[in-house]
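Quick notes on the structure that follows.
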Amino acid sequence: AQAATAFHDQLQQLMGRSLEALELEARCRALDDRLRAVQSRNRVSDGKRSDHRSFFMITPFADRYRPAVEACREVVEHHWGFELVLASDRREADRILDNVQVLMDAADGFVAEITDSNPNVMFELGAAFADRRDRPVVLLREGASTNGIALPADLQSMVYIEYSLADPSLAESLRAEMWKSKIGRA
């Protein structure tokens, strides 16, 4: 009877320690997951968060937008002193969506080219609006080339900057319009 009682007590202690170990393991796993998420959000191409402020440009991967991208790059980098980052500029993760998320998380603001209501642009823009953290969003739309494509209802009432790819001083025009909207004064 004494042996059975001792065995029972030892078994209870062992079970208690096993449960404590499982709880501790679960807490460690949760902390590890949180640490990885924070590191992923803070990582920039060299594995460290940059002290340099950046704007993430949400744009279709089409050659016709290259002049608009270069004009935005001139405004953001040369006039504002920020870095303009496109998803194609850096590879932070193996999956495209993860890469975009890391770059967007690190951004201090966004520039979105919404002319054609490109589905990928709309998806990324939705993510930017969902996680604003007081980060500005500049919307750009080419005036002459809407191709009859209406903006989604949620964007129709928003202020956007209309531009022309034929404008020989596109960067200066964008800078002036962004200044009017107070975005370029940040």
Side-chain angles (χ1 to χ4, degrees), residues 41-46 48-92 96 99-186:
R41 280 194 302 270
N42 291 340
R43 185 170 30 121
V44 181
S45 66
D46 63 357
K48 299 175 187 157
R49 179 153 176 88
S50 172
D51 291 332
H52 196 74
R53 300 178 63 94
S54 68
F55 266 67
F56 181 77
M57 185 161 188
I58 303 168
T59 184
F61 290 116
D63 285 339
R64 81 180 206 88
Y65 292 109
R66 188 165 292 151
V69 170
E70 292 310 313
C72 285
R73 191 173 303 279
E74 183 176 326
V75 171
V76 171
E77 295 182 355
H78 299 282
H79 293 284
W80 298 354
F82 285 58
E83 178 182 18
L84 186 71
V85 178
L86 281 72
S88 60
D89 290 346
R90 295 193 183 130
R91 184 172 169 182
E92 299 294 334
I96 293 171
N99 188 58
V100 168
Q101 182 178 8
V102 168
L103 295 173
M104 289 179 75
D105 282 346
D108 296 293
F110 304 95
V111 177
E113 205 316 321
I114 60 171
T115 301
D116 295 328
S117 296
N118 177 286
N120 288 331
V121 168
M122 295 298 120
F123 181 79
E124 292 171 20
L125 186 57
F129 279 124
D131 184 21
R132 287 286 292 275
R133 292 183 267 164
D134 294 322
R135 299 180 292 180
V137 177
V138 178
L139 301 176
L140 305 176
R141 188 163 196 217
E142 186 184 2
S145 180
T146 58
N147 297 325
I149 298 172
L151 289 174
D154 291 341
L155 294 180
Q156 288 177 5
S157 65
M158 298 187 81
V159 175
Y160 57 86
I161 295 171
E162 194 167 291
Y163 70 91
S164 169
L165 288 173
D167 183 351
S169 57
L170 180 55
E172 182 55 34
S173 297
L174 289 176
R175 188 199 62 73
E177 290 302 313
M178 290 176 188
W179 181 263
K180 284 182 196 175
S181 67
K182 296 182 183 175
I183 304 263
R185 299 182 214 179

Contact between Glu142 and Glu162 at the side-chain level, heavy atoms closer than 4.5 Å - yes or no? no
Hey, does the side chain of Thr115 reach the backbone of Arg141 with a donor-acceptor pair shorter than 3.5 angstrom? no
If you apply the rule side chain to side chain contact (heavy atoms under 4.5 Å, CB included), what do you find for Phe55 with Trp80, and how did you get there? CA-CA 10 Å; Phe55 266 67; Trp80 298 354; 3.7 Å; yes
Pro60 and Asn118 have their tightest heavy-atom pair at CB-ND2, 3.8 Å
Identify, with sequence neighbours excluded, every residue that meets salt bridge (charged side-chain N to carboxylate O under 4.0 Å, His left out) alongside Asp154. none
Please tell me if the side chains of Leu140 and Met178 come closer than 4.5 Å, counting only heavy atoms from C-beta onward. yes
With sequence neighbours left out, the residues meeting salt bridge (charged side-chain N to carboxylate O under 4.0 Å, His left out) with Glu74 are none
Do side-chain atoms of Glu77 reach the backbone of His79 as a donor and acceptor pair under 3.5 angstrom? no
Taking side chain as C-beta onward, heavy atoms only, is Tyr160 less than 4.5 Å from Leu151? yes
Does Glu83 form a salt bridge (Lys or Arg N to Asp or Glu O under 4.0 Å) with Arg90? I'd like the steps, not just the answer. CA-CA 13 Å; Glu83 178 182 18; Arg90 295 193 183 130; 2.5 Å; yes
Main-chain N/O of Leu84 paired to Arg73 side chain as donor or acceptor, under 3.5 Å: yes
Decide yes or no for Met122 and Pro152: does some side-chain heavy atom of the first lie under 4.5 Å from some side-chain heavy atom of the second? yes
Does a donor on one side chain and an acceptor on the other come within less than 3.5 Å for Asp116 and Tyr65? yes
Just so I know, are the side chains of Leu155 and Leu125 near enough to count as touching, which here means a heavy-atom distance under 4.5 Å? yes
Can you sort out the partners of Ala68 under side-chain contact (heavy atoms from CB on, under 4.5 Å), two or more places apart, ordered by chain and number? Tyr163, Leu165
Find the distance between OG1 (Thr59) and CD1 (Ile114) and round it off to the nearest 0.5 Å. 11.5 Å
Rounded to the nearest 0.5 Å, how far apart are SG of Cys72 and CG of Leu170? 7.5 Å
From CD1 (Ile58) to CG (Asn120), nearest 0.5 Å: 11.0 Å
With distance as the sole test, does Arg135 use its side chain to make a donor-acceptor pair with the main-chain N or O of Ala107 at under 3.5 Å? yes
Check step by step if salt bridge (Lys or Arg N to Asp or Glu O under 4.0 Å) holds for Asp108 and Arg133. CA-CA 9 Å; Asp108 296 293; Arg133 292 183 267 164; over 6 Å; no
Counting only N and O atoms by type, is there a donor-acceptor contact under 3.5 Å from the side chain of Asp105 to the main-chain atoms of Val102? no
Might you work through the side chain to side chain contact (heavy atoms under 4.5 Å, CB included) test for Phe56 and Val100, ending with a clear yes or no? CA-CA 9 Å; Phe56 181 77; Val100 168; 4.2 Å; yes
